[in-house]
Amino acid sequence: MNKSTVGRKTSGLDKVLRVALYTVLTIVAAFYLIPFIVMLITSLKDVEEIRTGTLLSLPASLHFDSWVKAWSSACTGSSCGGISPYFMNSFQIVIPAVLISTLLGAINGYVISLWKFRGSDLFFALLLLGCFVPFQVILLPMARTLGWLGIANTTSGLVFVHVVYGVAFTTLFFRNFYQSIPNELVKAARLDGAGFFTIFYRIILPVSTPIIVVTVIWQFTQIWNDFLFGVAFSGFDTQPVTVALNNLVNTSFGGKEYNVDMAAAIIAALPTLAVYVFAGKYFVRGLTAGAVKG
Amino acid sequence: MNTKAANSGSGQTQSGRPARLSLADWMPKIVMAPTVIVTLVCIYGYMIWTAVLSFTNSRMLPSYDFVGFDQYERLFNNDRWMVALTNLGVFGGMFIAICLFLGVTLAIFLDQKIRAEGALRTIYLYPMAISFIVTGTAWKWLLNPTNGLEKMMVNLGFEDFTFNWLADPDMVIYCLVIAAVWQASGFVMALFLAGLRGVDGDLIKAAHLDGASIFTTYRRIILPSLKPVFFSAMVILSHIAIKSFDLVAALTNGGPGYSSDLPANFMYAHTFTRSQVGLGSASAMIMLGCVLAILVPYLYSELRGERHE
């Protein structure tokens, strides 16, 4: 909404209202921030201090051993190498899956909005519906298929699954974005002799940056944060970090080390938080630019 | 791509010539083919496959002995499933209502020329970036009956303060609501903020000139024009609620007992750990039914609306 139209008058009542407004916004901000702050300070305390202190009390001195332990020696299930191998697994899954699904989404979106053919609208409707199917209905057949393909319990298997179920979303994003590109542009380029890929590469891709950013952020967070596919389709050595974190927290021999749990949880959240902090504003901007219009 | 082929592609409709089958004409279809095949097989094919399994007596491995609606009957006579379904109603209803309320309110508040808008928006939105597994782990610690909130309040001097929702079968579902709202409400706020920024400025100016207060302007003009955003947000939120699996896994693991199970967790447990593939498939089909009941009317109106444009 247009900024200049709101809050012009400043009477006494308005001032009171603004103070109230800022107070509410600050309290809500605390609600969103406190869990992370508690995680952080808990991860820096030693076990004794956690036992005697309270949630929001600051650590007497900083202990980073829980971070080291979470990274390299904490036990997840029956193996005790910390969450670092699984952290790497997640990257090995996320990077190819994001790249492939984004590329396919861009091409599909380009076809559906600018090279319509008989049935392409129907297919788009099917795809749209497919975005929202609960994954529970495909879980078992997919497990069998991965077995047949010989990629059950492998990283490539997980990449495959994430691409298959990510393409619906990436196509939707690109299609909605390309919808606003005038058809005449493509027609003119074709008269000038440009082919399917030339037009895509020379005309469409250069204007696609905002939607590429949105799609990459979306796919990165979705795939990094996935747990269901990870727990259903990964092998012991190919588990993503979310599955390892859950195992670590639920591994229950020895005393419960909440500081290690919290450190591991923060580590598992770092990549998406980093993406969000550095690129979040492009995400919101991209949303405004039309990713959620459809 | 050669010139001739590309030209024939664009010329065919205008001149009425029969289409020549050149590579360029086929290109769009060729590049779409993998997605079409994968979607038809891996979404719609599998859906049918699961539907078929739900009518069989499959246990550990899929079998194709058809038993009619037996699995559905077993499902609805299963106490654990009924708990899961009721939980979904409570959890989903509260989660959607609170997220929408918070999202709209925060978006409107942030839309009032707030000084630190960028920072606040970042704070409200960051939980969305985090996995439900992490969220669950964090809230499990915060809500822990002996170490968390309860102990903090006792140490602050409220000796009799008790907060053991995580251990209380009647209250544990609300722990899921708290954590899920914390995670998703910022996203709803972002959707509405994007919507608010897209409202036609002239419309608002006109309302101002007519002497409408900010409150009236929002209630009568701005919010009604955000109806599509309401629908999108509701569809997204119900989808999150129905497929919620990881939050339960991390925060309560369905416990105490199975009092905080949701259908997604029921399905996973029966299909993959309890060797009840038939029953698990039937539960998945019910989940699909819930999603379709919400989605089909929505998509229908969306796609129809587009054609009218």
Side-chain angles (χ1 to χ4, degrees), chain A residues 1-3 5-7 21 25 29 32-33 35 38-39 54-56 104 107-108 111 115 117 123 125 127-130 132-138 140-142 164 167 187 190-191 193 195-198 221 225 227-228 242 245-246 249 258 261 265 268-269 272-273 276 280 284 287-288 292, chain B residues 1 3 6 10 24 27-29 31-32 35-36 38-39 42-43 46-47 49-50 109 111-113 120 122-124 126 129-131 133-134 137-138 141-142 148 151-152 155 190-191 194 196-197 199 201 204-205 208 232 239 242-243 245-246 249-250 264 267 271 284 287-288 291 295 299 303:
Chain A
M1 108 163 270
N2 197 330
K3 285 196 173 188
T5 58
V6 179
L21 186 60
L25 288 173
Y32 286 106
L33 275 179
V38 168
M39 282 167 83
T54 58
L55 283 180
L56 280 172
L104 281 175
I107 298 242
N108 291 340
V111 172
W115 292 78
F117 53 85
F123 177 70
L127 201 62
L128 207 56
L129 195 61
F132 289 100
V133 162
F135 290 138
Q136 280 71 24
V137 292
I138 53 91
L140 190 82
M142 185 44 110
V164 167
V167 155
K187 277 190 187 138
R190 287 168 81 178
L191 288 176
F196 181 81
F197 284 112
T198 316
T221 44
N225 290 342
F227 178 72
L228 181 64
T242 44
L245 172 64
N246 197 45
V249 173
Y258 291 107
D261 290 358
T272 48
L273 278 180
Y276 166 73
V284 177
L287 282 180
T288 325
V292 291
Chain B
M1 245 24 53
T3 314
S10 64
M27 218 21 131
K29 292 175 194 172
V31 297
M32 278 288 283
T35 311
V36 174
V38 150
T39 304
C42 297
I43 297 179
Y46 289 1
M47 220 192 272
W49 190 349
T50 301
F109 282 6
D111 200 31
Q112 309 301 319
K113 278 173 89 182
L120 286 170
T122 309
I123 292 170
Y124 298 163
Y126 88 93
I130 302 175
S131 154
I133 295 294
V134 173
T137 307
W141 169 233
L142 280 160
K151 188 169 162 212
M152 192 177 91
N155 285 16
L191 285 180
L196 286 174
R197 297 281 148 86
V199 172
I204 298 158
K205 265 185 206 141
H208 267 269
S232 309
H239 181 242
I242 292 169
K243 68 167 200 179
F245 166 75
D246 26 14
M267 184 273 166
T271 308
M287 293 175 65
L288 178 65
V291 171
L295 206 59
L299 285 184
L303 294 174

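Letters A, B, ... are given to chains in the order of the sequence lines, protein chains preceding strands, and every chain is numbered from 1.
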Between [options], the one whose heavy-atom pairs under 4.5 Å with chain B are most numerous:
options	answer
A:P35, A:A29, A:A265	A:P35
A:A269, A:A268, A:P134	A:P134
A:V167, A:L129, A:L127	A:L129

Pairwise distance [atom1]([X]) to [atom2]([Y]) - rounded to 0.5 angstrom:
X	Y	atom1	atom2	answer
A:L228	B:I133	CG	CD1	10.0 Å
A:I138	B:T50	CD1	OG1	8.0 Å
A:L25	B:Q112	CG	CD	9.5 Å
A:L245	B:T137	CG	OG1	4.5 Å
B:L288	A:F132	CG	CZ	13.5 Å

State, to 0.1 Å, how close [X] and [Y] come at their nearest heavy-atom pair, and which atoms those are.
X	Y	result
A:N246	B:A250	OD1-CA, 3.6 Å
A:Q136	B:A264	NE2-CB, 3.4 Å
A:L104	B:T35	CD2-OG1, 4.5 Å
A:V164	B:C42	CG1-CB, 3.6 Å
B:P28	A:W115	CG-CE3, 3.5 Å
B:H239	A:V133	NE2-O, 4.1 Å

Proximity breakdown for [X] and chain A, heavy-atom pairs closer than 4.5 Å:
X	value
B:L295	side chain
B:I130	both
B:F245	side chain
B:V291	side chain

Contact origin within [X] toward chain B - heavy atom pairs under 4.5 Å:
X	result
A:F123	side chain
A:M39	side chain
A:T221	side chain
A:V137	both

*Test B:D246 against A:T242 for side chain to side chain contact (heavy atoms under 4.5 Å, CB included), laying out the working first.*
CA-CA 9 Å; B:D246 26 14; A:T242 44; over 6 Å; no
*Heavy atoms only, distances under 4.5 angstrom: which of B:I123, B:L120, B:I43 has the most pairs with chain A? Name it, please.*
B:I123
*Please confirm whether B:Y126 and A:Y276 have ring centers closer than 6.0 angstrom.*
no
_Could you work out, with side-chain contact (heavy atoms from CB on, under 4.5 Å) as the rule, every residue matching A:D261, not counting sequence neighbours?_
A:L248, A:V249, A:K256, A:Y258
*Which residues satisfy the side-chain contact (heavy atoms from CB on, under 4.5 Å) test with B:T271, sequence neighbours excluded?*
A:L140, B:M267, B:V277
*asked:* Which label fits A:Y32 and B:Y124: parallel for a plane angle under 30°, tilted from 30 to 60°, or perpendicular past 60°?
replied: tilted
